[in-house]
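Just so you know, these numbers use all the heavy atoms, side chains as well, and skip hydrogens, waters and symmetry mates. This structure is a prediction, so every number in the text was calculated from the model and none was measured. Numbers here are sequence positions counted from 1. First listed ligand is number 1; within each ligand, the first listed atom is number 1.
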Amino acid sequence: MKKKAAVAAVIAALILAAFLIYDGIHGKKISADFFAMNTYVSVKLTGADSDECATEIQQITESLDKDVLSRTSENSVIHRINQNGGGEIDEKVQGYISVLLDVCRKSDGAFDFTLGAVSDLWQFGSNPEIPNADKLASALSHSGHQKISLSGEKLIMADGQAVIDFGAAGKGIALDEIKAILSDKKIKEAVVSVGGSVLLMGNKQFTVGIRNPSGNSGSYIAKLRISESCVSTSGSYEQQFEQNGKIYHHILNPKTGYPVDNGLVSVTVVSESGILSDALSTACFVLGYEKGSELAKEFGCQAFFVTNNKQILAENGADDIIEITDNSYTLVMQ
Ligand code: AMP
Ligand code: MG
């Protein structure tokens with residue numbers, strides 16, 4: 001009897017230990033929200049290292065913004081580069097620049113991260129208004145990705161008045177940095193959204209909504225069922241104003257300096273890479289469906305285009321992953 005009881009006790013202890021290990025790795029769920037990169041960041045983690053990782057995610061996102069990507073933060077790398085008309089940058093920033101230059105070139109300049117001076121004239125963050133046409137033309141003449149090149153550790157700006165702006169890719173870059181932190185930690189699942197860009201990590205199928213362009217941020221027109229990836233949406237509803245009866249928004253046509261006016265209201269891109277999902281959602285918005293979907297394909301990504309006449313345009317076969325949830329929209333695959 002004594003022996004039996006001892007065996008039972010050992011088994012019970014083993015089961016408890018196994019449960020604790022399982023619970024330690026898989027069980028702990030936390031959710032945290034904070035404000036960084038001019039937007040809301042929401043962190044949802046499951047796994048033993050959740051607490052520690054949530055703290056690290058906040059630190060890295062804030063520091064990436066303040067020390068590297070922000071145009072306005074006095075000590076940031078991008079601020080220094082813009083002030084000095086180029087300069088030395090570390091390997092990470094070289095990596096970001098070379099990916100973005102690739103998107104600029106392959107999108108034939110529809111994506112252009114040197115439009116900072118043009119964006120500033122629209123004043124979207126403060127008092128938006130249609131800029132003076134001469135000032136706009138002048139700012140545009142100093143922009144252009146062709147003016148930026150990398151030579152070893154140096155970023156060269158052929159025009160010292162070009163202004164680098166990572167507004168179209170910074171949130172995706174944050175997702176990549178967050179993914180790198182989580183990859184060797186005990187985290188079973190992660191859903192981290194930085195504004196309109198979301199990181200999904202974990203061995204399961206996730207559901208992500210495509211936002212209703214005319215509803216609030218919690219209302220959706222379709223859902224995507226996808227495995228772990230990064231998903232970014234560029235929407236004209238994010239920053240816009242009305243003047244003389246016309247709506248103006250923050251996604252600009254680099255050829256004219258004016259907001260893109262091609263019938264799209266949003267583009268959502270799914271990619272393994274955060275920086276690509278973010279940059280391509282902006283690039284595809286500027287390019288429109290035909291060229292945009294070609295570009296997304298070239299980068300191995302999937303794109304969903306929402307039009308102002310309530311269609312969702314996607315490549316053939318997209319119905320495997322997208323389901324319309326608002327019946328006033330139609331899925332058009334081509
Ligand atoms: P997103 O919301 O990711 O599409 O990024 C929009 C932001 O990117 C704007 O607020 C500008 O700072 C910047 N931007 C606007 N137009 C372009 C463009 N054609 N290429 C690259 N960046 C742009
Ligand atoms: Mg973007």
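Remark: side-chain polar atoms of Tyr289 are paired, donor with acceptor, to backbone N or O of Ala314 under 3.5 angstrom. The closest donor-acceptor contact from the side chain of Ser234 to the backbone of Thr282 lies under 3.5 Å. The backbone N or O of Lys154 sits nowhere less than 3.5 Å from a side-chain atom of Ser151 that would complete a donor-acceptor pair. Checking side-chain atoms of Gln240 against main-chain N and O of Ser236 turns up a donor-acceptor pair under 3.5 Å. Within the 3.5 Å criterion, the main-chain N or O of Gly116 finds no donor-acceptor partner in the side chain of Ser119.
For ligand 1, the atoms closer than 4.0 angstrom to any heavy atom of Pro254 are 19 (N). The Ser119 neighbourhood of ligand 1 comprises atoms 11 (C), 12 (O), with distances under 4.0 Å to a heavy atom of that residue. Counting the atoms of ligand 1 from 1 in the order shown, those under 4.0 Å from a heavy atom of Phe111 are 20 (N), 21 (C). Ligand-side atoms of ligand 1 in range of Asp278: 3 (O), range being under 4.0 angstrom from any heavy atom.
Note on Asp278: its N/O/S atom closest to the Mg ion (ligand 2) is OD1.
Looking only at atom types and distance, the side chain of Lys223 has no donor-acceptor partner in the side chain of Thr325 under 3.5 Å away. With 3.5 Å as the limit, one finds no donor-acceptor pair spanning the side chains of Ser271 and Ser277. With 3.5 Å as the limit, one finds a donor-acceptor pair spanning the side chains of Ser214 and Asn212.
At least one N/O/S atom of Ala168, from backbone or side chain, sits under 2.8 Å from the Mg ion (ligand 2). Taking backbone and side-chain atoms together, Thr282 has an N/O/S atom less than 2.8 Å away from the Mg ion (ligand 2).
Closest to atom 1 (P) of ligand 1, if we only count protein heavy atoms, is Thr282 OG1, 3.4 Å. Nearest protein heavy-atom neighbour of atom 10 (O) of ligand 1: His250 CD2, 3.3 Å. Scanning all protein heavy atoms for the shortest distance to atom 16 (N) of ligand 1 gives Leu252 N, 3.0 Å. Counting protein heavy atoms only, atom 21 (C) of ligand 1 is closest to Asp112 O, 3.0 Å. The single protein non-hydrogen atom nearest to atom 11 (C) of ligand 1 is Asp165 OD2, 3.4 Å, given as residue, atom name and distance. Nearest to atom 5 (O) of ligand 1 among the protein's heavy atoms is Ala168 CA, 3.3 Å.
Inclusion of Ser234 in the set of residues having an N or O under 3.5 Å from an N or O of ligand 1 is warranted. Considering backbone and side-chain N/O atoms, Leu115 never comes within less than 3.5 Å of an N/O atom of ligand 1.
With contacts defined as side-chain heavy-atom distances shorter than 4.5 Å, the pair Glu129/Gln123 qualifies.
Counting heavy atoms of neighbouring residues, nucleotides and ligands inside a 6.0 Å radius, atom CZ of Phe34 exceeds 12 of them.
A salt bridge between Lys291 and Glu294 is absent, with no side-chain N of the basic residue lying under 4.0 Å from a carboxylate O of the acidic one. Between Lys171 and Asp278 there is no salt bridge, since no side-chain nitrogen of the basic residue lies less than 4.0 Å from a carboxylate oxygen of the acidic one.
At a 4.0 Å heavy-atom cut-off, ligand 1 does not touch Val260 at all. Under 4.0 Å from ligand 1, the heavy atoms of Val286 that appear belong solely to its side chain.
Between Tyr248 and Tyr258, the gap from one ring centroid to the other reaches at least 6.0 Å.
For atom 7 (C) of ligand 1, the nearest non-hydrogen atom from the set Gly167, Gly195, Ser277 belongs to Gly167.
Heavy-atom separations between Ser281 and ligand 1 are all 4.0 Å or longer. Within the 4.0 Å heavy-atom cutoff, Glu238 does not count among the residues contacting ligand 1. Residue-ligand proximity: Ala110 is placed with a non-hydrogen atom under 4.0 Å from ligand 1.
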